[in-house]
Every structure is written in C-alpha cells, then in structure tokens.
2 protein chains.
Amino acid sequence: MKSENVNEGRFTPPDIARAVRGMIVSGELRPGDHLSTIDLAARFCVSRGPVREALRLLESRALVRILPRKGAFVNSLQDDEVGVTMEAREFIFAAMAELAAQRISRSQLADLRRELQQLARLAAAPATTPNEFKLATYAFVSVLYGAARNPRLHQIIRDLSEGVGHAFGHLSMATQEMRQAEYEAYRLLTNAVTDRDPRRAGDLARRMHAAGVARATQLQAAIPQAVIEFKGKRRRSGRSEPRTQPVL
Amino acid sequence: MKSENVNEGRFTPPDIARAVRGMIVSGELRPGDHLSTIDLAARFCVSRGPVREALRLLESRALVRILPRKGAFVNSLQDDEVGVTMEAREFIFAAMAELAAQRISRSQLADLRRELQQLARLAAAPATTPNEFKLATYAFVSVLYGAARNPRLHQIIRDLSEGVGHAFGHLSMATQEMRQAEYEAYRLLTNAVTDRDPRRAGDLARRMHAAGVARATQLQAAIPQAVIEFKGKRRRSGRSEPRTQPVL
DNA sequence: TGTTTGTTTATTGCAGACAGATTTGTACGA
DNA sequence: TCGTACAAATCTGTCTGCAATAAACAAACA
C-alpha cells in the first residue's frame, strides 16, 4: 500500500487561486473588494501562507492588487485601462481569427458552425437575456481560440478578457439590435474562417471587436452610472482605487 | 516624526521576484536550474515565505515552473513552445509597430531615428558582437514600444520576449549579413513609422519578425547543438524538463 | 559487477507564533 | 454636534518549527 499523499483533498495555492479567480470573474467578488487572508484561509481550511501565494499568483494576472500593509483587493480597472485592454484584445482577437482560419480542422469547423447556429437562434429570440447571449459567444470564441492552436495567445486573450469582460461584455449585447449585429459579425467571421481566408478573418475580427467596444462605450456613456454598477450596494467613491501596473 | 517603516531596506517578495527575474534573463541562472528556497532566502536575508511568494510571481510569468514537492526550476521552453511564443510575439510586435506609427511623438521619433543610426553604425562595423547589436535592437524597440502607448501590450511583449529572447535572439544576429538584414528591416520600419503609415508599419514589422525567426531557426538547425547551448557545462539530457502551461 | 533495497539527509510545504502597522471604537473637549 | 486624541483590536508581513516527501547514499544480493 503506497502511502497516501498528505495533501490529498487539500487546497494548494493554485487551487485557491483558481477558486478566487472564479469568484472574481463570476461577480461574487466585486472590484475593490478586500480579500482578507484570514477569511480565505478559513474558507479553504489552510493557513495564511498558501493564501498569500495564491494572491501573488492573481496579482501577476492583474486580477488582484496587493497594497503593502493594506492587503489584497480585487482589481478594478480604471477607464483608461479598459481602453488599452480592449485595444490589446482587439489585436489578439484578430490574430486568433487569422490563425483559426489557417488551422481549423473539419470537426472544429463543424463545432464553430454549431455555435453560430446557437447564436442565430438566440439573436432571433426577443426573450434572450444578455447573459445567455454572452455565454453563447463565449462558446463560439472558445472553439475559435482552440482552432487557432496557439496556447500562448489563448492564455493572453483569456487574461485580457477576464479583466474586463464581465462588466463590459454585457454592454455590447444589451439590446436585441446589438445581439443581431453581433451575430451578423460572427456569421461573416465564420464564413471567412470556412473559406480559410486568414486575411479576411483577421480584418473582420478586428472590425467587429472595435464595433462591439464602440457600442458598449456608447451605451456606457448614455445610461446612468447606476445601471452599470453591479446590483446591490454601490461602491463608496472614496475607496482606495488600486491601479493596475506591472507587478515586476 | 512619522515612524520608520520596519520594512525599510528589506527585500519584499516583488523585489526578490525582480532580482531573480534579472538573474534568469541575464543568463546567470540557466533553464532547468533549481531555485532553492533556502539559498534564495539566505541570499536576500529573508525567510522562505517571501521567497515562495516571489517564485509564485515568476511562475505565473512563465519564468519558473514549480513542481510539487520538487521545488522551483528556471523554465526551459520546449521547441514547440518557442514556436508558439515567437508566433504570438509576431502579432504583438506588429501591433506595437502599428500603434507606434499612429501615436509616436516628435521627440520619440527623434529617439527612434537616433537608435536607428546606432544600429546602422553597428551593422556596418564588422567587429560588432551579436550581443552589442542585440542590445541596440532592444534600445530601438523600447522606444517603439513606448511610442505605442499601450502598457498592456508592452508588458505582454516584454513577457514573451523574456521567455525566449536570450537564447534565441542572438541567433538572428549571429553574422554581419544577418545584422545588416536586420538593420535594413528596422530602417524600413522607421520610415513607415515616420510616414505615420500604420498599415505598412504593421505589415513590415510582421514580415521582419518572421524573417528574423526564420533566420534564427535556420541557423539553429544548421549548427551543432553545442554552439547553441550556453557556454559552460551542458545540460544533462536526463534532467526533468518542466513544461510551460497555464498556472491557473 | 550490476541491481535492488533500506537508510540517511536535505528540502519542500504548511501551520502556528510574533512584531509592527493600520483601522476602529471611544472618550473627551470645543 | 463635530472634531480630535487615545487605546484596543484587527490584520498584515514575516519568521520559526514540524511533518512529509524526494533525492542521495550505502549495503546486501544475484
């Protein structure tokens, strides 16, 4: 009988980091929230050491910000950081589309078309919620990203999306008109990928990404701030606002 | 008189991460090397806790790999990972050139041309070492990256370059012919940026990056492995080869 | 001589403890 | 009532100690 690993069933720092990341991207933790090492240690039944390591991992992914002697906070992107992040995402998204058009397999192409059909159904249905549509677009781009076959770029765009996607991504799919416009863009992109036309796919991806950002920004400027804030209690404006910057 | 911070003059985890990163990118630590928490703690006069946090930071930057119960190792990229990394870098590099062509300021343009002149001098001089030329290209692209005004992409390309640049970057500048070809590419790129032609700058950047990678790959395939290895003792082939993969 | 097994040592990973700093709560005075 | 000063409590950051594991070494055996 080989000795059981003592860490069996125990949360390691990467486990904790994954879990906290999930809490952040799901909205359970909101930007600016304080991450107490004591609370997290208690929640995961470990000591504060592994929690600190997990927070360091999330720090270098720009999901949390650690202020000396203050602790860790869920990172809230400033407006200008949203801009540069979306700009970066535009380039990477275009790269993924271009690569996918070069490399997508038969079965992946079938998957992509299946996800596109789902998007078509949701775009046509007035009762579709923004969240439903957003999840469907996630499924679509996941197939696309896999088809690009570059895990490095895949991780980069995932990181970029996490930082900004969940408060912002909704906005470009708020109305049915927007969802139909999004679907149309995805349809054209799928056609370019089907035709294995990297140039066209890349250009389309870039334009559709920029258009989505523009729609979301317009909407964000148009509607009252309260609608953008997460439901529930508002953030105190005087709260210390950690800024994203290189960790190293 | 406000109380002095007790951490004054003490190495914090980010400090340690920066220092270790410097040791890695400078070649003082080589891929596959074991990073002992005890040794590092002694070197920085701290306990092993902060060292562990620093290693976690480097882990998520793909500079080190932490194997459970084995410790931290300087990450050595597999051949296929070099490929995807250079591919990713090609896209980002093109993006930076495109953005720089849009946004470069007068003074930055002057800086860029100054760095280009330095490259011209070094490319013309037969006695130039690959390292000299490499450092000059660093200076050039640093100006370019700054002109792009997207800190997010800047950090991304810096991370991508660190992982692969120092063993690989030399190779595309090994001979004077290569350096002259590199210089010519930089000259054309500078012209495109000067003309504020983002499209041309981006296309040029992409082609020159791909050409550089092709040159380096050719050279790597042509010359004996011993020349590529760092000088000094060879890596034992049986050593555990940590692979890069998403940390979270 | 080569292989396998047992032992010893070194290191990792984590829990707990300690010093310092920040924050919170309270009492006091204007 | 509001602001300030002080004190207690809380939390962060680090250090030390301990259990568990992996590597290195030595001895026994084929």
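Labels below follow one simple rule: chain letters A, B, ... track the order of the sequence lines, proteins then strands, and each chain is numbered from 1.
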From [atom1] of [X] over to [atom2] of [N], roughly how many Å is that when rounded to an integer?
X	N	atom1	atom2	answer
A:L40	D:dG13	CG	P	13 Å
A:L55	D:dT14	CG	P	13 Å
A:L67	D:dC11	CG	C1'	14 Å
B:E53	D:dG13	CD	C1'	8 Å

Name the closest nucleotide to the [X] side chain, picking from [options].
X	options	result
B:R10	D:dT14, D:dA23, C:dT11	D:dT14
A:T37	D:dT14, D:dT12, C:dC14	D:dT12
A:I38	C:dG20, C:dT12, D:dC11	D:dC11
A:R52	C:dT23, D:dT14, C:dC14	D:dT14
B:I66	C:dG13, D:dG13, D:dT16	C:dG13
B:R48	C:dT23, C:dT12, C:dA17	C:dT12

Hey, is the side chain of [X] poking within less than 4.0 Å of OP1 or OP2 on [N], counting only N and O atoms?
X	N	value
B:H34	C:dT12	yes
B:S47	D:dC15	yes
B:K70	D:dA23	yes

Legend entry - Side-chain donor/acceptor contact of A:R69 with base of D:dG13 under 3.5 Å: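 Donor-acceptor pair under 3.5 Å: no.
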Salt bridge flag under 4.0 Å for residues [X] and [Y]:
X	Y	result
B:R65	B:E81	no
A:R56	A:E59	yes
A:E182	A:R215	yes

Legend entry - 5′-ward residue of the pair A:V46/A:P68 relative to DNA chain C: A:V46
Inset, instruction - Return yes if some donor-acceptor pair links the side-chain N/O of A:R103 with the main-chain N/O of A:A148 below 3.5 Å, else return no. - result: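 Yes: the side chain of A:R103 pairs with the backbone of A:A148.
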Legend entry - Polar contact flag, side-chain donor to acceptor under 3.5 angstrom, A:R152-B:T85: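 Checked: A:R152/B:T85 side chains pair up, N/O donor to acceptor below 3.5 Å.
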